[in-house]
There are 2 protein chains.
Amino acid sequence: MKKEISSAVIKRLPRYYRYLGELLEEGVERISSGELSEKMGVTASQIRQDLNNFGGFGQQGYGYNVNYLYKEMSKILGIDNNHNIIIVGAGNLGQAIANYSNFAKRGFIINAIFDNNPDIVGKEVGDMKIMDTNELADYVMNNHVDIAALAIPKVESTVIAQELVSLGVKAFWNFSHIDLNLPEDVVVENVHLSESLMRLSYNLTNKEKTFL
Amino acid sequence: MKKEISSAVIKRLPRYYRYLGELLEEGVERISSGELSEKMGVTASQIRQDLNNFGGFGQQGYGYNVNYLYKEMSKILGIDNNHNIIIVGAGNLGQAIANYSNFAKRGFIINAIFDNNPDIVGKEVGDMKIMDTNELADYVMNNHVDIAALAIPKVESTVIAQELVSLGVKAFWNFSHIDLNLPEDVVVENVHLSESLMRLSYNLTNKEKTFL
DNA sequence: TAGATTGTTAATCGATTAACAATC
DNA sequence: TAGATTGTTAATCGATTAACAATC
């Protein structure tokens, strides 16, 4: 049985992936943990420890092959396969997500977007037509949905999330300012923008203490 | 001299604030660390430790006064004063941020939005007209800007951030997929949506291991 | 006063860093 | 082979939890 990977490690993985992607674009073939640590501002020890949770990707005396490590990392992250996403809520944020074409490059395919406002149902967003939220259940039953992005007010998202779980959806990208309380086999990733902004405010307000 | 507050603690503060706000709305007057811990799914010990970094807000035998703690928390977070924000980039994401009226409730006032695309400069977003990015420096010199939100491609954000720093901007809300490398007295809060999505992908792909 | 619950110290647990033998 | 750098164990550091005296 595999030992559990700590969430501290998991949080760092996408950043490794991003740096490896940049190195690849620059045509860098190999990199040592020491060089990468300098670039990323972390310790070489941490990089080696983190990677070795998933296997030995390097070679003594050589370092890591960038292309190989990049590909392995994409497998670890599960982005070597496509993910089908639907968006619930076609307000500004929902539309922004829908239009963000970079996700598709990473295999995140946005297939449908829903809203309960009759004024916008039927409108085009990217290459999709906004569907009515009352078609949501039907859609989920007839199409494979890996991830549901919730870009709706918190009162609605509790109900919608429950419904989607009962229809078999196993992963939520939650932009609502609420902690979804879902069964433990359901995965939730929160993007709480207002909390992010408060952290910024805290750091801005209190930094003087550190620098005086 | 005050002891440094760990970033683990700081990350939790906005969530406390959110729960306290909800309690306040429900009309709850007092709460013990034990009750709150149950609601939030953390230990009571952690709550007391976290709060006591900033002072003794409770009372033995009674618990915490919700209204008082909520207000104190807003001071700690620095949201008892308004913050003036500008947004650079009026694409979907920039417009979504601009239109998100909830921020104003917390004292985050969005004053201006800029873009370098002549097709959209002059258009209305909320109650603002999109300004040309070549007016940005002028604007910052003549108006007080606390926070700049960067909703532009990564190649642009490096340059723009440097410029804004030289004009005195001290805080960035960075939506670009890049690590801004700014002087250490400048505060950066990153919102890396694609990394968030990769973490979701990781957890979705690997959860079976945990639940089998 | 007695009961409840904080504030805070001490104990535990986990994550990060350092060190170095293995090895390419 | 000699030099470099990994993979991994051990040491340190920090964060979380437990415990309890202080006190409302």
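Worth knowing before you read on, the calculation uses all heavy atoms, side chains too, and leaves out hydrogens, waters and symmetry mates.
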### Nearest-nucleotide pick for B:Ser33, side chain only, options being C:dT6, D:dG7, D:dT5
C:dT6
### Summary
Taken to the nearest whole Å, CG/B:Asn53 to P/C:dT6 is 16 Å
### Query
Do the side-chain N and O atoms of B:Ser32 and B:Glu35 include a donor-acceptor pair separated by under 3.5 angstrom?
yes
### Query
Should A:Arg12 be listed as having a side-chain N or O under 4.0 Å from OP1 or OP2 of C:dT16?
yes
### Query
Are B:Tyr64 and C:dA4 close enough that a side-chain N or O sits under 4.0 Å from OP1 or OP2?
no
### Message
Any non-hydrogen side-chain atom of B:Arg106 less than 4.5 Å from a side-chain atom of B:Leu77?
### Response
no
### Task
Can you tell me the pairing partner of C:dA19 across any strand shown, Watson-Crick or G-U wobble, with both distances under 3.5 angstrom?
D:dT8
### Pair A:Phe103 and A:Trp173, ring centroids less than 6.0 Å apart
yes
### Message
From CG of A:Asn52 over to P of C:dT23, roughly how many Å is that when rounded to an integer?
### Response
14 Å
### Message
Does atom NZ (A:Lys71) have a neighbourhood of more than 12 heavy atoms from anything else shown, all under 6.0 Å?
### Response
no
### Task
Calculate the interatomic distance between A:Phe57 atom CZ and D:dT6 atom C1'; express it in whole Å.
13 Å
### Query
Tell me, which of residues 41-51 of chain B have any heavy atom that sits under 4.0 Å from an atom in DNA chain C?
B:Arg48, B:Gln49
### Protein-nucleotide distance (B:Gln59, atom CD; D:dT23, atom C1'), rounded to Å
9 Å
### Message
Distance check needed: C:dG7 P versus B:Tyr62 OH, whole Å only.
### Response
13 Å
### Query
In this structure, are over 12 heavy atoms from other groups packed under 6.0 Å from A:Asn142 atom CG?
yes
### Message
Any strand counts, and the cut-off is 3.5 Å on both contacts for Watson-Crick or G-U wobble. Which nucleotide pairs with C:dC24?
### Response
D:dG3
### Query
Could you walk me through whether A:His144 and A:Asp146 pass the side-chain hydrogen bond (donor to acceptor under 3.5 Å, both in side chains) check?
CA-CA 7 Å; A:His144 183 69; A:Asp146 294 304; 2.8 Å; yes
## Note on the structure
A:Asn65 atom CG is separated from C:dC24 atom P, nearest whole Å, by 16 Å
### Base partner of C:dC13, which must satisfy Watson-Crick or wobble distances under 3.5 Å
D:dG14
### Task
Please tell me if the side chains of A:Arg15 and B:Asp179 come closer than 4.5 Å, counting only heavy atoms from C-beta onward.
yes
### Task
Please state how far atom CD in B:Gln60 lies from atom C1' in D:dC24, giving the value in whole angstrom units.
6 Å
#### Entry: A:Gly61 vs A:Val9, nearer the 5' end of DNA chain C by closest nucleotide
A:Val9
### Query
To the nearest Å, how far apart are B:Arg30 CZ and C:dT6 C1'?
12 Å
